[in-house]
Amino acid sequence: MQLRLNLAGEQTENNEAEAKVADARKRQADAQEANAEPLEEAWGRIMRSKSYANNQAKMDAVKQAMFSGELGREDGAKGKFSAAEALRLYKYLAEQKREERLRDMAESVPDNYWLVTDEASLTELTHILDDEKEIVFDVETTGVNVWRDRIVGHVITAIQADIHAYIPTKHKTDHPQLDNEYVVKTLKPYYENPSLGKLAHNAKYDIHMLDRDGVDLRGLTWDTQEAMRMLNENEPSFALKPLVTKYLDIQSEKYDELFGKNTGFDEVDDLQVALAYAAKDGDVTRKLRDFQREHLARFPDILEYYTSVEVPLIHTVAQMEMTGFDIDLEYAKEYGAEIKAEIDRLYAELIDELGDINLNSPAQLKPALEAATGETLESTDAKKVLKPLKKKHSVIAKLLDYKDNFKLYSTYINALPELVDERTGKLYTNFNQNGAKTGRFSSGGSGVNLQNQPKKARKLFTAPKGYVILGGDWSQQEYRCLAYFSQDPKLVENYEKGHDLYASIASEVFEKPIEECGDGTTYRSQAKVIMLAVAYGGGPNMLKDAIGIDKKEAQKFLDNFFERFPVVKQWVEENQKYVKKHGYVWMDRNQRKRRLPDAKDRSANGHYSAVFTQSTNARVQGSAAIQTKVTMNELQSLCDRKTAEGNGEWRLYCVVHDEALVLVPETITRQDVKEFEDVMVNTYIFGNIPNATDLEFYRRWGVGISIEEWFNDKKTTVN
DNA sequence: ATTGAGAGCCAC
DNA sequence: AAACGTGGCTCTCAAT
């Protein structure tokens with residue numbers, strides 16, 4: 001869509017507006033004459049309609065415009081004014097407002113917003129940059145997909161000089177503009193200069209886009225989006241405009257509302273409009289940073305953590321995302337066909353038994369299943385409801401089998417190959433370094449979440465030729481964190497002596513000698529779940545579902561645990577007390593908070609609330625996430641160092657909470673593995689609790705090869 | 001056709 | 001005495 005703008009008629013604008021009003025009045029009069037219903041009456045009728053209630057804000061805008069005479073009825077409108085017509089008029093009104101707004105923007109560009117479209121101006125800008133310590137940068141693009149879209153212009157704010165420049169390079173316009181290659185070449189030394197500080201909002205996006213143009217951005221000092229996640233993880237939106245409106249009281253329209261949802265910025269043909277919009281982002285990003293820095297200064301530990309861990313992590317994560325994933329398409333095809341055949345077979349058999357229903361519809365499935373089994377089902381939840389009935393009814397066993405296969409096929413095996421990028425042949429995902437409110441990563445955005453790939457799907461992820469994946473899994477990361485926080489002597493001793501934690505817990509909780517609680521015993525696996533329940537703040541309901549026992553027994557296990565580990569119990573209670581009093585809890589070394597304001601309110605009426613379990617869980621989960629993040633930055637340094645040694649490229653590959661993977665040349669040595677392990681184990685330690693990590697090689701992710709096995713096989717192949 | 005809520009289920 | 005953490009994707013189903 002091209003934007004229709006007429007900026008030539010500045011002087012005639014008033015006349016135009018007057019003419020518009022006159023025209024509207026005339027049409028309104030014509031229409032009223034046609035059906036003789038006064039506007040007041042028509043609106044009185046519409047306001048009683050359901051449509052009005054559903055679209056009140058829009059309707060009110062139309063109503064106001066009609067009563068003020070700005071807006072009349074539709075062209076050629078006949079008969080009674082209807083709610084449907086009012087809604088159509090809203091669209092017309094919104095479009096008018098939009099065009100008016102764009103005109104205003106173009107006409108009221110501040111003097112310190114520079115449109116740079118010739119070499120002399122760009123040179124002048126670079127001279128200003130030579131004197132700057134810190135700049136804001138932002139790239140405008142054809143869209144929001146970093147793997148597909150391209151840069152169409154650069155925003156640079158020179159903070160000291162208070163100059164906000166927009167350098168368009170690929171706008172579809174008759175206006176002259178500089179060539180992108182020339183601009184990139186000119187700005188590259190500034191973008192890549194680590195001692196010229198850079199601010200941005202969602203810098204990872206711009207880092208990716210610049211990388212596409214061969215620029216390795218360095219010197220990032222502040223990201224206003226990530227900073228906001230430090231200041232308030234409960235913020236409803238982390239987009240620049242809502243934040244600026246909320247905290248700086250600077251109004252700004254959303255991109256979609258100004259330019260349309262699927263409009264690339266290159267389609268903005270009026271460069272004054274482009275300047276007004278783009279340069280403002282640079283301007284407000286700097287203001288937002290100043291605001292955030294002032295507030296974070298009150299929490300020096302958070303500020304220190306933010307600048308030393310979160311900010312460098314942005315570059316680390318961008319590097320990791322750029323690595324991408326090789327997907328074994330052949331294998332996916334074969335394996336997919338196999339699963340599909342199994343799904344079809346099971347489907348046919350199930351339809352025979354249950355009738356012609358949609359097995360994926362819980363609403364249809366529940367009654368059909370009840371009829372076939374004679375059971376009364378609470379839901380069709382596989383884990384909770386169906387699994388316990390699996391042995392009793394073969395149809396349920398079959399259905400569970402079907403569900404497993406269907407999920408595996410539709411979400412993973414069949415879906416992954418579809419998501420491979422045609423340009424590079426790799427699969428990409430987005431990692432959000434503060435996607436979870438606890439500070440954990442989330443992943444997804446392009447249809448693939450790398451953090452919930454089942455083992456069977458991980459087999460599709462292969463190392464490229466000449467490379468192998470090296471993975472490290474922190475052993476019991478969150479429980480070590482729990483031991484550290486609580487300082488429970490039994491837990492601490494367990495980790496200091498390197499004993500089997502689950503066996504120790506089983507022995508305590510079930511009062512059995514440790515010999516009966518070793519690997520593979522039910523006691524041990526149940527102890528594992530109990531520990532999980534404790535760390536996640538789970539109660540008896542969660543535990544009973546997890547191990548398939550009744551609630552009473554689950555409660556007994558929990559009681560036993562807390563009786564045997566009273567220090568853990570005390571620590572959990574302290575967290576609850578703390579959150580009740582303050583409305584938040586701290587992560588490890590006060591690096592960040594988890595704000596749970598409901599805890600303060602709820603305490604007034606004495607009800608137990610989810611925030612109490614969250615208060616313990618957030619501390620454990622959030623502190624573990626800090627360990628992962630600090631270590632990731634070190635792993636990135638290790639990769640850079642190893643790559644610089646010249647024996648092939650090392651790259652960060654993926655992170656899944658307590659698991660970090662790197663892609664390394666298959667010529668990797670035992671000494672290299674030792675260095676990787678050192679980084680995993682020694683970068684971030686929870687006080688007196690040592691870390692441990694399980695290392696494995698993968699040709700296919702999920703099919704582990706032990707370190708010994710790898711090097712022994714190597715020897716035989718080399719010889 | 002597109003959108004949003006809810007159910008369900010994958011991971012740690 | 002109670003009580004169950006953090007995400008994202010696919011599917012259905014109903015509403016535009």
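Chain letters run A, B, ... following the sequence lines, proteins first, then strands; residues in each count from 1.
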Could you check how far [atom1] of [X] sits from [atom2] of [N], rounded to whole Å?
X: A:Ile357; N: C:dT12; atom1: CD1; atom2: P; result: 12 Å
X: A:Leu558; N: C:dA2; atom1: CG; atom2: P; result: 12 Å
X: A:Leu543; N: C:dA2; atom1: CG; atom2: P; result: 14 Å
X: A:Leu596; N: C:dC4; atom1: CG; atom2: P; result: 14 Å
X: A:Gln364; N: C:dT12; atom1: CD; atom2: P; result: 9 Å
X: A:Met587; N: C:dG5; atom1: CE; atom2: C1'; result: 12 Å
X: A:Asn434; N: C:dT6; atom1: CG; atom2: C1'; result: 13 Å
X: A:Tyr479; N: C:dG5; atom1: OH; atom2: C1'; result: 11 Å

Which part of the nucleic acid, if any, lies within reach of [X] when heavy atoms closer than 4.0 Å are counted: base, sugar-phosphate only, or nothing?
X: A:Val620; value: nothing
X: A:Gly444; value: sugar-phosphate
X: A:Asn432; value: nothing
X: A:Thr616; value: nothing
X: A:Phe406; value: sugar-phosphate

**Item:** Residues A:Lys398, A:Glu353; criterion salt bridge (charged side-chain N to carboxylate O under 4.0 Å, His left out); working and verdict
**Value:** CA-CA 11 Å; A:Lys398 203 173 279 177; A:Glu353 292 179 62; 3.2 Å; yes
**Prompt:** Do A:Phe510 and A:Phe557 have their ring centres less than 6.0 Å from each other?
**Reply:**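 They qualify: ring centres under 6.0 Å apart.
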**Message:** Taking the ring centre of each residue, are A:Tyr698 and A:Phe461 less than 6.0 Å apart?
**Reply:**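 They do not qualify: ring centres at least 6.0 Å apart.
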**Prompt:** Salt-bridged, A:Lys204 to A:Glu226, with N to O below 4.0 Å?
**Reply:**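 A:Glu226 and A:Lys204: not salt-bridged.
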**Request:** Report the nucleotide, chosen from C:dT10, C:dT6, C:dA3, that has the shortest atom-to-atom distance to any side-chain atom of A:Arg594.
**Result:**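 In terms of side-chain proximity for A:Arg594, the closest of C:dT10, C:dT6, C:dA3 is C:dT6.
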**Asked** If we ignore angles and hydrogens, is there a donor and acceptor under 3.5 Å between the side chains of A:Gln636 and A:Asn633?
**Response**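 Not at all, the side chains of A:Gln636 and A:Asn633 share no donor-acceptor pair under 3.5 Å.
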**Message:** Around atom NZ of A:Lys366, are there more than 12 heavy atoms from other residues, nucleotides or ligands closer than 6.0 Å?
**Reply:**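 Yes, the 6.0 Å shell around NZ holds more than 12 heavy atoms from other groups.
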**Request:** Spell out protein contact along nucleotides 5-12 of chain B as letters: B when the base is contacted, S when just the sugar-phosphate is, - when no protein heavy atom is under 4.0 Å; keep the 5' to 3' order.
**Result:** ---BBBSB
Between [N] and [X], is there an OP1 or OP2 to side-chain N/O distance shorter than 4.0 Å?
X: A:Asn617; N: C:dT6; result: no
X: A:Gln555; N: C:dA1; result: no
X: A:Ser361; N: C:dC13; result: yes

**Prompt:** Should A:Glu553 and A:Lys544 be marked as a salt bridge (charged side-chain N to carboxylate O under 4.0 Å, His left out) after you check the CA-CA gap, both sets of side-chain angles, and the distance that decides it?
**Reply:** CA-CA 8 Å; A:Glu553 206 174 350; A:Lys544 87 173 164 49; over 6 Å; no
